[in-house]
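Keep in mind it's a predicted model, so treat the numbers as computed, not measured. A, B, ... follow the sequence lines: proteins, then strands. Residue 1 opens every chain.
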There are 2 protein chains.
Amino acid sequence: MAEIGDEPDELCHFTGGRYNAFLEACPTRQLLDELGNKWSCLVLVALSWGPMRHGELRRGLGGVSQKMLTQTLRTLERDGLITRTVTPSVPVRVDYELTPLGADLRAVVQQIKVWAEANMGAVAEARSTYDSAVA
Amino acid sequence: MAEIGDEPDELCHFTGGRYNAFLEACPTRQLLDELGNKWSCLVLVALSWGPMRHGELRRGLGGVSQKMLTQTLRTLERDGLITRTVTPSVPVRVDYELTPLGADLRAVVQQIKVWAEANMGAVAEARSTYDSAVA
DNA sequence: CGGTATCCATTCTGATACTG
DNA sequence: CAGTATCAGAATGGATACCG
């Protein structure tokens, strides 16, 4: 009988050196949580167009504060998903760019963004139906 | 010149009735936030194997509390991503199942889970490199 | 079994002010 | 321009107890 954890593909069991996000202790959970941060996915997608400065990103991501942007960038850098390049001019210039690993992940998370934008209408409709049924 | 918001594909600008998650006021942000919840993605993927009961999901998702599972399922139901079917037996039986819309999204978020499980090793390595460089 | 209600700790987020 | 520090409020998550 099929159970959760028996995935159709072979990338599944925590045993044997592999990862399985269904298991509580699996470090994969940390990665999933991080992508759940408010800005991580948007930053990755924003960097699709090549290296970008702090200020550019800030203007591109509506509503992000400087603090949260810096924090998000640091975490992504620590995880090897983006690089941070400092040019010691005056004033200093800092560019962020996707690493190959980050570019790979970007392709995946962009699908989420595209899906959300494409299906937001259907979701909004489902919500109003649900809400009126409850009332 | 390319700017954030000028996406390579055509699903981009908020203007003209379309959605763009880069904009603060875009409702797409709500969807992204929801997928960022700790359990939403895992629930969607777990339902890949067909209808599942509350208890089955609870056992399958390591560490989820009853409250959070119920809350997550409610939200997904409200958004039209899953259905909730009550069989009035004693004790009552409740099954959850992906809607076509939810199955569509599941395919996308599963890629995230697969990516995370496949690349967790590289990320962990990057982290330790970063941490030792800081020290 | 599935769900609700309450309380509480932790985390996340953002506004503000300040440094090089 | 990029970043840090601090503080306060909001949101999230979870333990517990109870209901149909």
Asker: For Leu73(B) and dG3(C), what is the distance between atoms CG and P respectively, to the nearest whole Å?
Answerer: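 So the two atoms are 7 Å apart, to the nearest Å.
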Asker: Measure the spacing between CD1 of Ile112(A) and CG of Leu105(B) and express it to the nearest 0.5 Å.
Answerer: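 One gets 6.0 Å once the value is rounded to the nearest 0.5 Å.
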Asker: How close do Leu61(A) and Arg29(B) get, heavy atom to heavy atom, and via which atoms?
Answerer: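 Heavy-atom minimum between the residues: C-NH2, 4.3 Å.
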Asker: With a 4.0 Å cut-off on heavy atoms, is Arg93(B) in touch with a base, just the backbone sugar-phosphate, or nothing at all?
Answerer: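 If one applies the 4.0 Å heavy-atom cut-off, Arg93(B) turns out to touch nothing in the nucleic acid.
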Asker: Find the distance between OG1 (Thr75(A)) and CD (Glu34(A)) and round it off to the nearest 0.5 Å.
Answerer: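 Separation between the atoms: 5.5 Å.
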Asker: Can you tell me the distance, in whole Å, between the CG atom of Leu32(A) and the C1' atom of dG13(D)?
Answerer: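 Atom-to-atom, Leu32(A) to dG13(D), this comes out as 16 Å.
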Asker: Return whichever of Val92(A) or Ser65(A) has its heavy-atom-nearest nucleotide of DNA chain C closer to the 5' end.
Answerer: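 That would be Ser65(A).
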Asker: Reckon Tyr96(B) has a side-chain N or O less than 4.0 Å from the OP1 or OP2 of dG3(C)?
Answerer: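 Answer yes for this pair, as a side-chain N or O of Tyr96(B) is under 4.0 Å from OP1 or OP2.
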Asker: Which letters describe nucleotides 4-12 of chain D, given B = protein heavy atom under 4.0 Å from base, S = only from sugar-phosphate, - = neither?
Answerer: B-BB-----
Asker: Do any side-chain nitrogens or oxygens of Arg53(A) fall under 4.0 Å of OP1 or OP2 in dA2(D)?
Answerer: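 Result: yes.
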Asker: By nearest atom, which of the nucleotides dG3(D), dG3(C), dC1(C) is closest to the Arg84(A) side chain?
Answerer: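 Nucleotide nearest to Arg84(A)'s side chain: dG3(D).
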Asker: dA2(D) P sits how many Å from Asp95(A) CG, rounded?
Answerer: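 Rounded to whole Å, this separation is 8 Å.
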Asker: Hey, what do you get for OG1 (Thr72(B)) to OH (Tyr96(B)), rounding to the nearest 0.5 Å?
Answerer: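 If we round to the nearest 0.5 Å, Thr72(B):OG1 and Tyr96(B):OH are 10.5 Å apart.
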Asker: Work out which heavy atom in Ala122(A) is nearest to a heavy atom in Leu101(B); give both atom names and the distance.
Answerer: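 Closest approach of Ala122(A) to Leu101(B), heavy atoms only: CB-CD2, 4.0 Å.
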Asker: Which atoms form the tightest heavy-atom contact between Pro27(A) and Tyr19(A), and what is the distance?
Answerer: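 Result for this residue pair: CG-CE2, 3.4 Å.
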Asker: Check the distance between dG3(D)'s P and Leu69(A)'s CG and give it to me in whole angstrom.
Answerer: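 Going from CG in Leu69(A) over to P in dG3(D) covers 8 Å.
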Asker: Starting from C1' on dT11(C), measure out to CD on Glu34(A) and report it in whole angstrom.
Answerer: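 Roughly 15 Å, once rounded to whole Å.
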